[in-house]
There are 8 protein chains.
Amino acid sequence: MDANSLRKLMEQVRAGRLSPDEAVSRLRHMPFEDLGFAKIDHHRRLRAGMPEVIFSQGKTPAQVGQIFKRMAAHGGNVLATKADPLHFRAVRKLVRKAEYRELARAVILQQDAERYGKGTVAVISAGTSDIPAAEEAVVTAEVMGNEVAHLYDVGVAGIHRLLLNKKVLENARVVIVCAGMEGALPSVVGGLVSVPVIAVPTSVGYGASFSGLAALLGMLNSCASNVSVVNIDNGFGAGYVASMINRL
Amino acid sequence: MDANSLRKLMEQVRAGRLSPDEAVSRLRHMPFEDLGFAKIDHHRRLRAGMPEVIFSQGKTPAQVGQIFKRMAAHGGNVLATKADPLHFRAVRKLVRKAEYRELARAVILQQDAERYGKGTVAVISAGTSDIPAAEEAVVTAEVMGNEVAHLYDVGVAGIHRLLLNKKVLENARVVIVCAGMEGALPSVVGGLVSVPVIAVPTSVGYGASFSGLAALLGMLNSCASNVSVVNIDNGFGAGYVASMINRL
Amino acid sequence: MDANSLRKLMEQVRAGRLSPDEAVSRLRHMPFEDLGFAKIDHHRRLRAGMPEVIFSQGKTPAQVGQIFKRMAAHGGNVLATKADPLHFRAVRKLVRKAEYRELARAVILQQDAERYGKGTVAVISAGTSDIPAAEEAVVTAEVMGNEVAHLYDVGVAGIHRLLLNKKVLENARVVIVCAGMEGALPSVVGGLVSVPVIAVPTSVGYGASFSGLAALLGMLNSCASNVSVVNIDNGFGAGYVASMINRL
Amino acid sequence: MDANSLRKLMEQVRAGRLSPDEAVSRLRHMPFEDLGFAKIDHHRRLRAGMPEVIFSQGKTPAQVGQIFKRMAAHGGNVLATKADPLHFRAVRKLVRKAEYRELARAVILQQDAERYGKGTVAVISAGTSDIPAAEEAVVTAEVMGNEVAHLYDVGVAGIHRLLLNKKVLENARVVIVCAGMEGALPSVVGGLVSVPVIAVPTSVGYGASFSGLAALLGMLNSCASNVSVVNIDNGFGAGYVASMINRL
Amino acid sequence: MDANSLRKLMEQVRAGRLSPDEAVSRLRHMPFEDLGFAKIDHHRRLRAGMPEVIFSQGKTPAQVGQIFKRMAAHGGNVLATKADPLHFRAVRKLVRKAEYRELARAVILQQDAERYGKGTVAVISAGTSDIPAAEEAVVTAEVMGNEVAHLYDVGVAGIHRLLLNKKVLENARVVIVCAGMEGALPSVVGGLVSVPVIAVPTSVGYGASFSGLAALLGMLNSCASNVSVVNIDNGFGAGYVASMINRL
Amino acid sequence: MDANSLRKLMEQVRAGRLSPDEAVSRLRHMPFEDLGFAKIDHHRRLRAGMPEVIFSQGKTPAQVGQIFKRMAAHGGNVLATKADPLHFRAVRKLVRKAEYRELARAVILQQDAERYGKGTVAVISAGTSDIPAAEEAVVTAEVMGNEVAHLYDVGVAGIHRLLLNKKVLENARVVIVCAGMEGALPSVVGGLVSVPVIAVPTSVGYGASFSGLAALLGMLNSCASNVSVVNIDNGFGAGYVASMINRL
Amino acid sequence: MDANSLRKLMEQVRAGRLSPDEAVSRLRHMPFEDLGFAKIDHHRRLRAGMPEVIFSQGKTPAQVGQIFKRMAAHGGNVLATKADPLHFRAVRKLVRKAEYRELARAVILQQDAERYGKGTVAVISAGTSDIPAAEEAVVTAEVMGNEVAHLYDVGVAGIHRLLLNKKVLENARVVIVCAGMEGALPSVVGGLVSVPVIAVPTSVGYGASFSGLAALLGMLNSCASNVSVVNIDNGFGAGYVASMINRL
Amino acid sequence: MDANSLRKLMEQVRAGRLSPDEAVSRLRHMPFEDLGFAKIDHHRRLRAGMPEVIFSQGKTPAQVGQIFKRMAAHGGNVLATKADPLHFRAVRKLVRKAEYRELARAVILQQDAERYGKGTVAVISAGTSDIPAAEEAVVTAEVMGNEVAHLYDVGVAGIHRLLLNKKVLENARVVIVCAGMEGALPSVVGGLVSVPVIAVPTSVGYGASFSGLAALLGMLNSCASNVSVVNIDNGFGAGYVASMINRL
């Protein structure tokens, strides 16, 4: 409800086609309806290519199935993260075209194939064990309409592996770096590129990794200035932020 | 702006005393102005007896002085917490009737002497070193219009001192308990009374008190069900919550 | 009552001005016995509408069943928290009218339907995953004789959902807010109401939520002055404190 | 050194204008020189509008002055962060046009006024005490050639202040949010915008804020998906990342 | 090997019944054998009534069974802590008279019934959930030859329960106090008695108890001067230290 | 003493078989008064040789002086811990015979020279930097009437220094061990003696010693069963507990 | 590709046997191939006796089997750490001569029996529960071609056991010490030898051991100067570092 | 006292030149004297080229001066770490040839110029702020008789700086790497060399570096297998361990 529709309403009142009481009644909830609609408008604009997202962890397969089905009806892409095979099976029964990305532990439905991202999102992982977080980022970025390139197992203890593949980094418009243990890779990558780097600490490691705390602290203290950080194992968040950046 | 004033506006439009454009103009920012005014109304109703509060730490004496003076002009009580003597001196120059409560490190101005609280707020401290936090709670509750009783140095290692003074507890409508070190007093007090207990961990202690962490954790794990907790050394917050409860 | 007044009492007895029975009666509530009896009296007065509470975690179904049965015989309401279906089954065998509140993981017996609370307790949750803690608060407050209103899934990342439902908040005499992850909701709610807010951090989240630590610290540092905090996942404690406040 | 220049070198060898030994000598260090030059090329391209940055903390005024002067000679903008007045005085003696941004604790030299950022960077702070971090972000973004809008003191306990100023957020291409204490503001802002949000936890607070840890954890656990985080008090890093995003 | 046996050896050498080489051979390892024997002597003296102790956790039932049997052959009491029913079954097959103390999770063999402790060891627990740690302390103290009195479920939130049973405390020569959650009981008990108090934090609790950390910190910061602390859930250690004290 | 026996007593008074004074005398130690008076009696008995103790930290010199003087009037020994030279000067003005133990940072007054402890208290320190904590323990034990032996700078990295001085350990009835850094000494000492060992972690160290946390955790996890622990730098507590043990 | 091969290539160009384009094509990837080959050369030199290592945790048996087989084909020794029996079974099917070291949880293939280490690596463990970490170190050092001596269950609470076996320490060229709980053993050992000591904290313990944190902090704060530390339970890392040292 | 001297003693006994009692008397204290002397022998052998070391922090200038002078008299090199200019001045008065290494905060006396180390010790630092720790390592290694090469300011965000200087690394027999902030450099260096790497976390950084904790955790979790770690800012320890390795 913008100034125009509001003016029309006022003119109806002046013209006597709408009683003051009826006008009040329509306007009564305006602040919030307005907020609501603006929100929705805003969201609609924003939502072009934005997946509907379900955080499956802690939900029953039946719940995830029902929500997924309802969201699928909206016509865009749908993404269920942290989903196990039972979640997928429940979704599959209701939404035939849903797929399971096992490494990423994600259920997706591709209904909108448009490229919303302007460039490529590169997803890098330090070790093979970091791949689940990396794949979650990949799937999220893909479902949000991005070209994605990935480069795995290029940890800093074998720095030449990364240098040999610098091309992938240089072609990217935004880079996601997943690393557990000491979490050093984002700093090295940050120094090699001049685009934003989103660091994902993973819970990979043992002992003094304290389930990803070591990697998290390392990344927050990165000596590369172009690095920002998301939660431990939050590949989804990184993919989401990267997609937002890639649309700009 | 409620339904009534809105209806009046509509009637002005119908009567032609207000053009649709003017009405739109008035309503344009309504959601927020409404929110704003409602907020203020709401606040005004709420604010009877609520002090204007300044957190002095990190502000210069001159800044605190200026803000204090501006607030004093509103007519209610004014409270500046975590204020040192220099802050006070700056306030005093501008607001002659301001007083300094040294133990509480608070500057206050009493302009409204009404009792808003229905009963007594009891403030208990475990040791003499906890008195600053306790006094901050006392001053806050007083400035917010409460009868306050206090009982200091009744730590759990001499439990008879507390039991001998149970009367103070039994007469209170809400109890604030300040304790550092092991922070055990709120649990004992919680078991002796049947009113809400607000626990204030203090940073009193050394070594494994970790600046109040030990007391904080102790209070959060209180085996007494009627205990809730505020931040370390946050006597102000406890006094504020207690005042809100005491008005109900 | 010191030696002097005691001697006087004795002299009155000797002089026949006080019968032995009257003397006993006066002494009955003397400090120590007083502590015992007063405690019970006090408790009795307090206990009108207070549920008998069993913390089921770590107890066998048989133990919970037996305790529940014994408590049920006292005639008031009974509440067993953190109870799983096996606990419930054991209780049900012995106490036919016991009910299981699955979301809250609570077994309850309603024998006293009186409203002890003067107003409404509002229970708000940030996400759907916070509902178990919220429901525990709801059940506790209900069993303690309160009108309860609830509002779920109004997390701060979609602030309009909360604003659209401000009514629930404004009608409450005390508000409980449950939130995991960043635990930001109590601050927002605290700014919208002028009644006490009890914050319940939940263990919902992953990675750097550290099982609720992030939410707990956030709530303790709330910039809203009317917020106090209970232990992580302690919906029961919040419901209990709120009930105490609501009786005042 | 690309394929073209390499081919020319080979042709010189074939033509006998360059002996094999001389060719080897030229190529010997190629990997690193190449890396070096590519790096520099790359940097040069990147560096248009990138400030030369000096981290002043722990350096003497004389050191900062010398480095600043040397950098100023390169012709672009220069930025010295975490600088105190003594640092500034030392710089000023050597570089007359240097300015001191007191709130940001930054010394800057503006030699390049071009706008490299495509849109506006919005910088939001929760409280007045968070302004130093916010100002550091503002100065960094400005020195890197961005239009900057700022909005201070809009913490979540008075959510209407933020809503009343939503315009600033909606016009931004990237948003920086600085908050101490519970660090809740980025989640609320994240829910209101559809652009990347960079969260800066500040060390503002006391007690259980643990020098910014509470805010940091809160932000990492943000329920808004478009939020990424930098180190505590790292306004510079946020301004840098935002500038990189704003150039895309 | 003491001075006597050494003198005998020397006399055999002098008498020619032992060649120097044979004597050297016997003495070669003397420093350590001596150390060993002295150690054992020392231990033997000490060991009157000291149980042989097996920490069962992480050992297989077969291992515990074998070690237990070997120790049982020495004639004194034997104690296996942190033992589950399978451990017990394995011990029972080999040592018929072994008993299982289920609450304490201990397997014991009583072969020496002498009272080595001079007075009574009192073991107090705050809640029923703390009983396993308390029982481990009880069993340890009993097996080491002490008279043990215990008092359970006297947590600080119902301080009268403790005061009503002060007799148990007053009769003790050393007191062990087990408490989880806020760990406040040792301070209260410490203030009531004038003998050493050994505090055992237990992992009982949830949320911010952080598996006993809250109780541990509380006890280390006890405002009662006669309290020392052992590891979380270390009922054995407390029973052992108390027994040592009770023999003095 | 229940109502019945109380009534009988009253009847004896009425019948003149018991004078009022005698009745008062019998009632004097009744539960509550008993708590009060018995406490004092008990304390008096206990207090033979117990110092009056002042924790000086956070108190002004004047305050410490006044309290010290008042305590000195009671006739026993007086101990002020964590006292700096200014505290001492203030005490000295009022109590001429007070002495300052500089290393221990303690002010003492010796008015009672009796030996209350039955044996020797040994105080061991790992390094020279741990001596302040050790000396606080020494002074406390001396002022409480114990024979004290000390052995400094016998850290575990030069284990022979300790073994060469085993005599000191073997002659002790109770041992106090002070150590910072890795805090390993109590375990080694615990294995060498068969008496209680009280471990005092000190804040000596840097980096990952985290102000004594490393030593504290080490001592709590001691593999020697006869070790219990007090707070970081709490030499006073260790001396107090040791004195209590040595009186048994 | 070194200077020689490069010169040959140049000579082929000069001689016209190689066209400039072909030469460019060969050199195009030179920087990285060179880096790659140098790396490999370097590795080859280094790798004499270096095992190929697989971190099995988090990999499926099939994956470990395949990688092991591929590595076994290279001819050197192969080591798979943190392997369970299922991993071993999968390896065994493909590589007949693979062995399982159960205590160390390692699968090994010995194809190169040469001694690369110049002296003996001593591996010491404090308790029997530390043996898995110790055995992992032993196996790693053996597979890397070292003479290994081990000494188990020589914890500091029975220091004579260590002293009795000092010979093992004195003969070693480098010493690995594994300890959980308080982690004190490396300091004691460090004081007894004059060679490098590598400390391995283990997660053995409970309560305040915090899964090895206590031992880790203890070792980092060791008062012996010749001690360096690896991650908790990282026997492999210690064995690897020790092997590197022993080759020097 | 070895087998030989023991045999002689026995022969004296057999020959009657020594009575059994005298022999017993001589042997009685053998274990410790033997231990003592062996220790000293051992130390003497070890000490060739080992500096006498004084940890100055917490000692007065006078104390450091006296100890330094006494140590200087032994003839070898002397090293006082963590020394400030006042310490140095006090030393200089007593030992004329002492020098102050300002960056390293070390006072040294070079009396023994022999090279004990067989190769070169390389000391690398990530940033200029890490230089104090690095210089402490350099000075320690030099004073212990090693050839030292250093390479500063080669942090991972500009990886080419390190690669350009790989020569320094490749020539080293042992490498020390000092880094604060994210502490990533040791992993990168570890991957480039095949010799032992000793990592020194420094307290350089702010916010979530938590005074070096981030760097420490990063290094402990290094994905390079040849890395071991010393305490935060412990350049001395790293230099000492490296020296021990370099002598092998």
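Chain A is the first sequence line, chain B the second, and so forth, proteins listed ahead of strands; every chain is numbered from 1. Computed from a prediction, not measured in an experiment: that's the story for all the values here.
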Straight-line distance of [X] [atom1] to [Y] [atom2], nearest 0.5 Å:
X      : Y      : atom1 : atom2 : answer
A/I245 : D/M244 : CD1   : CE    : 11.0 Å
D/L220 : A/L220 : CG    : CG    : 6.0 Å
D/I198 : A/I198 : CD1   : CD1   : 9.5 Å

Taking only residues two or more places apart in sequence or in another chain, which ones pass side chain to side chain contact (heavy atoms under 4.5 Å, CB included) with A/Q110?
->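 A/Q110 satisfies side chain to side chain contact (heavy atoms under 4.5 Å, CB included) with A/N77, A/E99, A/I108, A/V143 once adjacent residues are dropped.
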
Contact residues of residues 223-233 of chain D (partner chain A; heavy-atom separation under 4.5 angstrom) |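 Within residues 223-233 of chain D, the residues that come under 4.5 Å of chain A (heavy atoms only) are D/S225, D/N226, D/V227, D/S228, D/V229, D/V230, D/N231.
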
Against chain A, label D/L217 side chain, backbone, both or neither, depending on which of its atoms sit under 4.5 Å from a heavy atom there.
->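 No part of D/L217 comes within 4.5 Å of chain A.
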
How would you list, by chain and number, every residue that makes a side-chain hydrogen bond (donor to acceptor under 3.5 Å, both in side chains) with A/K59, sequence neighbours excluded?
->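 With neighbours one apart ignored, the set is empty.
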
State which residues pass ring pair (Phe, Tyr, Trp, His ring centres under 6.0 Å) with D/F236; sequence neighbours excluded, sorted by chain then number.
->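 For D/F236 the ring pair (Phe, Tyr, Trp, His ring centres under 6.0 Å) partners, ignoring immediate neighbours, are D/Y240.
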
